[in-house]
Amino acid sequence: MCNNGTCTSVPTGQTPCSGAYRTLATDTSNCGACGNVCPARANASTTCSGGSCGFTCSTNFANCDGNATNGCETDTRTSTAHCGGCGRSCTGTCSGGVCTPACTAGTNLAPSATPSNSAGGSVSPYTAAQLNNGVTQAGNCSNWSWVTAGTSPSGAWFQYVWSTPQRIHSITIDTSATTATCHPAGRNLAGADVQWWNGSAWVTASVIRGQTNDWSYTFPTPITTTRLRLFNAHTSSVGQGSNPLIFEWYVYGCR
């Protein structure tokens, strides 16, 4: 090649292209032939190997449909059809490439938990053990668990602890109506903060207020924990207006 009036030989593996030497085997702007530019692809970087254009997907993206034209069209962090990689189907939620299986209410996990509560019921049949003994208000209207509290949140709590982590879908509280028939009115659990232990601190999932009878709460996303509590438990202002009670506290796992 003549370059600026000087005759030079072509280096091994290269080809003269418009006054410059190019390695056609790997040059993405001259791939396989001078001037052959490899096309850009979505979520990918272009490559030239052996004189043929290609592309490499960016981190967390993949070409799951096999179509080079649309590049790496799949975000494997969120795709339920390709969670964490092509073909890895997820029937639940895909987040960060990890599949969390779908969750519907299953078995009541409460019987396997150890119940406790803050200051309050300590004499049978009004102890924390009444929370998960399987005896409902309909079964025995005179047995319940209660805590010392008034009509506003003040730190009183009911709690469950499991020896191993439990994946939880929802809870249901069997309390009383504000117009009670088997105990003084105004002892219903009108509200509490639904909290779960994340391993180092309590997390508030929901703040429940203004309940006048039995109530339930479903976690928007299933949680996995060894501890669950109803914090800031309080009663309504009807009648007695103190010492909220629970006949049964159900905790439903996933199935």
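Only heavy atoms go into these numbers, but all of them, side chains included; no hydrogens, no water, no symmetry mates. All values reported here derive from a predicted model rather than from experimental measurement.
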- [ ] Mind running side chain to side chain donor-acceptor pair (under 3.5 Å) on Asp75 and Asn60 for me, showing each step along the way?
- [x] CA-CA 6 Å; Asp75 187 338; Asn60 298 320; 6.0 Å; no
With a 6.0 Å cut-off on ring centres, are Trp249 and Phe158 close enough?
no
Margin query: Before you tell me yes or no, could you show the steps for Thr226 and Trp197 under side chain to side chain donor-acceptor pair (under 3.5 Å), namely the whole-Å CA-CA distance, both residues' side-chain angles and the distance that decides it to 0.1 Å?
Written below: CA-CA 7 Å; Thr226 57; Trp197 184 253; 5.3 Å; no
- Query: Are Arg229 and Trp202 in a cation-pi setup, meaning NZ or CZ lies under 6.0 angstrom from the ring centre and within 45 degrees of the ring axis?
  - Reply: yes
dist His183:NE2 -> Asn188:CG (nearest 0.5 Å) comes out at 8.0 Å
Parallel, tilted or perpendicular, as decided by the 30° and 60° cut-offs, for the rings of Tyr217 and Phe219
perpendicular
Rounded to the nearest 0.5 angstrom, the CG-CD distance for Asn63 and Glu73 is 5.0 Å
Between Cys34 and Cys17, does the SG-SG distance stay under 2.5 Å? yes
#### Entry: Sub-4.5 Å side-chain heavy-atom contact between Ser200 and Asn198
yes
**Lys/Arg cation over aromatic Trp146: Arg187, 6.0 Å, 45° cone** = yes
Problem set entry | Verdict with reasoning, Asp193 to Thr204, per side chain to side chain donor-acceptor pair (under 3.5 Å) | CA-CA 6 Å; Asp193 302 349; Thr204 299; 5.2 Å; no
- Evaluate the pair Cys48, Cys38 and indicate whether the two SG atoms are within a distance below 2.5 Å. no
List the steps, then state whether side chain to side chain donor-acceptor pair (under 3.5 Å) holds for Thr164 with Gln166. CA-CA 6 Å; Thr164 58; Gln166 306 294 317; 3.2 Å; yes
| query | Below 2.5 Å, is that where the SG pair of Cys83 and Cys90 sits? | reply | no
Inset, instruction - Tell me if the SG of Cys182 lies under 2.5 Å from the SG of Cys141. - result: yes
So CG of Leu189 and CD1 of Ile246: to nearest 0.5 Å the spacing works out to 5.0 Å
